[in-house]
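Here's the structure, in structure tokens; my notes come after.
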Amino acid sequence: MTDSRFTSVRTRYAPSPTGPQHIGGLRSALFGWLYARRHGGQFILRIEDTDQKRSVPGSIDMIEKAFAWLNMDIDEGPRQGGAYGPYIQSERLELYQTWAKRLVEAGHAYKCFATPAELKEMRAAGRGYDRRYRETGEAQAAELEAQGKPYVIRFKMPLEGKTAGDDMIRGRVEFANAQLQDAVLLKSDGFPTYHLAHIVDDHHMRITHITRAVEWLPSFPLHLRIWQALGWPLPQFAHLPVLLNPNGKGKLSKRKQQFSQAGQSVPVLAHEFIEARYLPEAVMNFLSNIGWNFGDNREVFSMHEAMERFDLRDVNPANSAYPIAKLDWLNGQYIQSAGAKRLASLLKPILLEARYPVDERLLLQVIPILRARLKKLDDVIPMAGFFFADWADFQAPPADILIQRKMDSQQTAKLLEGAIPVLAELEDFSAGSQHRAMSRFAKAASLKNGQVFGSLRAAVTGQRVSPPTFETMEILGRDESLRRIRLALESLAEHATESG
RNA sequence: GGCCCCUUCGUCUAGCGGCCUAGGAUGCCACCCUUUCAAGGUGGAGACACGGGUUCGAGUCCCGUAGGGGCUACCA
């Protein structure tokens with residue numbers, strides 16, 4: 001067992017730069033990151049771009065942007081450098097070639113000259129590669145090489161017996177060697193495969209705990225044998241469960257837009273979370289609750305708190321359906337507990353983008369009555385956009401918004417007309433004062449509070465749903481509130497003419 | 001097909017042989033609060049996949065079955 005007092009824990013996230021950063025990868029990264037932080041160790045980002053065909057330009061930027069947004073700090077990586085770089089595999093080709101060569105010299109690997117056509121044939125025949133070059137002598141191999149025949153380097157997997165390894169999450173796992181193939185270590189283009197590259201790098205980068213998705217479990221024995229052949233001390237392994245689609249069917253995919261909740265598509269890519277304006281700390285909290293739990297029946301916690309108790313050994317081995325509905329709830333929790341200033345700075349760009357000029361003092365006034373009503377920051381527009389639009393442009397809502405339950409246009413007009421002088425003569429225009437006055441007014445007019453308050457709400461906000469009416473009027477001020485009520489009266493009059 | 005991993009409320013999870021007539025969260029429903037919508041409060045419906053063992057005792061250990069996921073590339 002690794003003792004953090006003596007050995008610095010070093011974990012890494014090693015994605016392939018194949019496009020936008022996926023939330024599943026971020027969750028795997030999160031677990032490695034938390035573990036490193038828990039033990040005061042280092043977290044490394046390494047780019048595994050050994051498949052040139054699949055490399056997508058700009059991927060590294062997207063990955064780094066996602067980490068920065070989530071506030072997952074990276075100790076060593078392509079951008080921050082470090083003592084064990086370079087951190088991009090395509091820049092370390094010589095290293096892999098050296099070790100592949102040594103493996104061949106030591107008899108643990110061999111050159112294989114099988115052509116793609118031959119391989120295809122073997123695969124079609126049922127079995128995989130039949131190890132036809134495993135016993136080819138050095139002399140013959142040299143001859144083929146001299147003829148310019150392309151070759152790969154394959155690992156000599158033991159033909160019989162078993163290979164067992166320990167996984168921090170699932171315990172001991174055992175595999176029959178005969179089941180494994182002689183995997184390719186070095187491709188004919190001189191690039192290594194994942195199997196060779198990650199081991200060479202994890203060793204040279206002093207990685208102590210390899211955290212990776214469960215899909216690597218079947219090749220775990222192969223890797224164990226390669227480590228052994230190289231003669232390097234084994235790190236610990238944790239094969240992490242993966243995220244499944246929300247319906248539990250299949251691995252969470254990038255573009256399954258059919259999985260939507262309440263008509264909205266489910267965010268899967270890092271930039272989608274950013275664009276949807278989720279709070280990064282909510283996303284981190286959300287991710288850490290899948291496959292791991294804080295304990296004490298607590299669902300809401302900071303990463304700082306999580307760092308104090310995270311352990312890879314506590315990770316649930318089962319895959320999880322992507323519980324995206326919980327994210328909205330968590331996001332709402334974080335919005336509610338966010339400081340007014342922070343919320344203001346978060347909301348401001350959203351309002352500006354929607355072309356509402358932002359008066360910061362007004363925004364700060366609105367936040368207390370708005371905060372609990374936001375699940376997502378974007379909700380500010382439909383809920384409270386009217387506060388920030390130019391008041392001079394305010395349009396009275398149509399009659400059907402103004403008229404409350406069990407009322408008609410005439411009664412509504414009468415109600416609003418009657419309310420105007422009461423509000424106008426109020427000594428104190430505070431919400432409380434308005435509330436008391438309007439309650440008395442409703443009673444005197446034999447109306448329900450809801451009918452009076454609702455009509456006023458619609459008149460003043462133009463909406464059926466809004467922050468509390470009187471608080472809203474207090475912020476708008478008496479003059480503006482009364483002006484809007486009069487505008488509503490005009491709208492009602494037009495309605496009466498049209499239908500009369 | 002072969003091999004590997006997994007299996008508690010719809011979903012995320014607690015549970016590491018007796019504390020479980022299975023706890024929390026989310027979602028859903030109801031009620032309370034209430035001027036709308038939220039938030040908040042209270043309550044409700046809702047799970048140990050199945051079958052065998054082991055044990056005085058099993059959600060917890062073992063085996064099998066079923067279901068799910070993955071691997072089986074000169075992709076990672």
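Here is how names work: the chains are called A, B, and so on, in the same order as the sequence lines, proteins then strands, and each is numbered from 1. Being a predicted model, the structure only gives us computed values, none of them experimental.
B/G70 sits 29 Å from B/C28 when the P atoms are compared, rounded to a whole Å. For the C1' atoms, the distance linking B/U13 with B/U7 amounts to 14 Å, nearest Å. Taking atom P in both B/G46 and B/U60, one finds a spacing of 22 Å when rounded to whole Å.
The distance between the ring centers of A/W216 and A/Y194 falls below 6.0 angstrom. Between A/Y151 and A/Y133, the ring centre distance reaches or exceeds 6.0 Å.
Applying the 3.5 Å distance criterion, the base of B/C5 shares no donor-acceptor pair with the side chain of A/R170. In the interface, the side chain of A/E215 is not paired with the base of B/G69 through any donor and acceptor atom under 3.5 Å apart. The base of B/C12 lies outside donor-acceptor range of the side chain of A/S320, with no N or O pair under 3.5 Å.
Remark: B/C28 base-pairs with B/G44; criterion is Watson-Crick or G-U wobble with both hydrogen-bond distances under 3.5 Å. In a base pair of the Watson-Crick type (N1 to N3 plus N6-O4 or O6-N4) or a G-U wobble (N1-O2 and O6-N3), with each distance short of 3.5 Å, B/U36 is matched with no nucleotide. Pair assignment for B/C75: none, as no Watson-Crick or G-U wobble contacts are both less than 3.5 Å. Across every strand in view, B/C3 sits in a pair with B/G70 that passes the Watson-Crick or G-U test at under 3.5 angstrom. In this structure, B/U65 and B/A49 make a Watson-Crick or G-U wobble pair, each of the two defining distances being under 3.5 angstrom.
A/G295 comes within 4.0 angstrom of no nucleic acid atom, judged by non-hydrogen atoms across all strands. In this structure, A/G332 reaches neither bases nor backbone, as no heavy-atom distance under 4.0 Å exists between it and the strands shown. Within the 4.0 angstrom heavy-atom criterion, no nucleotide atom of any strand lies near A/P17. Backbone-only engagement by A/V184 is indicated by non-hydrogen atom pairs under 4.0 Å involving sugar-phosphate atoms exclusively. Here A/E471 lies in heavy-atom contact (under 4.0 Å) with a base. At the heavy-atom level, A/V300 lies nowhere under 4.0 Å from the strands shown. As judged by a 4.0 angstrom heavy-atom cut-off over every strand, A/T469 is placed among the base-contacting residues. Using a 4.0 Å heavy-atom criterion, one finds that A/K448 contacts no nucleic acid atom at all. A/P467 comes within contact range of at least one nucleobase, with a heavy-atom separation under 4.0 Å. Counting non-hydrogen atoms under 4.0 angstrom, A/L119 reaches a base of the nucleic acid. Counting non-hydrogen atoms under 4.0 angstrom, A/A197 reaches nothing in the nucleic acid. Nucleic acid contact for A/T18: none, since no nucleic acid atom lies under 4.0 Å from a heavy atom of the residue.
Taking CD of A/Q333 as the start and NZ of A/K326 as the end, the distance is 11.5 Å to the nearest 0.5 Å.
If you take CG of A/N319 and P of B/U11, they are 14 Å apart, rounded to a whole angstrom. If you take CD of A/Q181 and P of B/A73, they are 5 Å apart, rounded to a whole angstrom.
Ring geometry, A/F470 versus A/H435: the interplanar angle falls from 30° to 60°, so the pair is classed tilted. Taking the six-membered ring for Trp and thresholds of 30 and 60 degrees, A/Y278 and A/F273 have ring planes inclined between 30 and 60 degrees apart.
Using a distance-only test at 3.5 Å, with no hydrogens or angles considered, no donor-acceptor pair links the side chain of A/S188 to the main chain of A/V152.
The side chain of A/R457 sits closest to B/U36 out of B/C5, B/G23, B/U36. You'll find that the side chain of A/I290 is closest to B/U13, out of B/A25, B/A76, B/U13. Considering only the side chain of A/K326, B/G24 comes nearest among B/G24, B/C4, B/G68. The side chain of A/R373 lies closest to B/U36 when the candidates are B/U36, B/U35, B/A25. Distance from the side chain of A/P468 is smallest for B/U35 among the nucleotides B/U35, B/C12, B/G40. Comparing B/G40, B/A76, B/U36 by their closest approach to the side chain of A/Q336 singles out B/G40. Distances were taken from every side-chain heavy atom of A/S188 (C-beta onward) to each of B/U26, B/C74, B/C37; the shortest belongs to B/C74. Checking B/U11, B/A39, B/A76 against the side-chain heavy atoms of A/A372 singles out B/A39 as nearest.
Taking only side-chain nitrogens and oxygens, A/H435 comes nearer than 4.0 Å to OP1 or OP2 of B/U35. Taking 4.0 angstrom as the limit, A/R154 places a side-chain polar atom (N or O) nearer than this to OP1 or OP2 of B/C74. Neither OP1 nor OP2 of B/A76 sits under 4.0 Å from any side-chain N or O of A/Q52. The shortest distance between the side-chain N/O atoms of A/K187 and the OP1/OP2 oxygens of B/A73 is not below 4.0 Å. Between B/A14 and A/N316, a contact under 4.0 Å exists linking OP1 or OP2 to a side-chain N or O. In terms of phosphate contacts, A/N293 brings a side-chain nitrogen or oxygen within less than 4.0 Å of OP1 or OP2 of B/A14. For B/C74, one of the phosphate oxygens OP1 or OP2 lies less than 4.0 angstrom from a side-chain nitrogen or oxygen of A/R123.
Of the two residues contacting RNA chain B, namely A/Y194 and A/G450, the nearest-nucleotide position lying further toward the 5' end is that of A/G450.
Within a 6.0 Å sphere centred on NZ of A/K448, other residues, nucleotides and ligands contribute 12 heavy atoms or fewer.
Between the side chains of A/T18 and A/R54, no donor-acceptor pair of N or O atoms lies under 3.5 Å.
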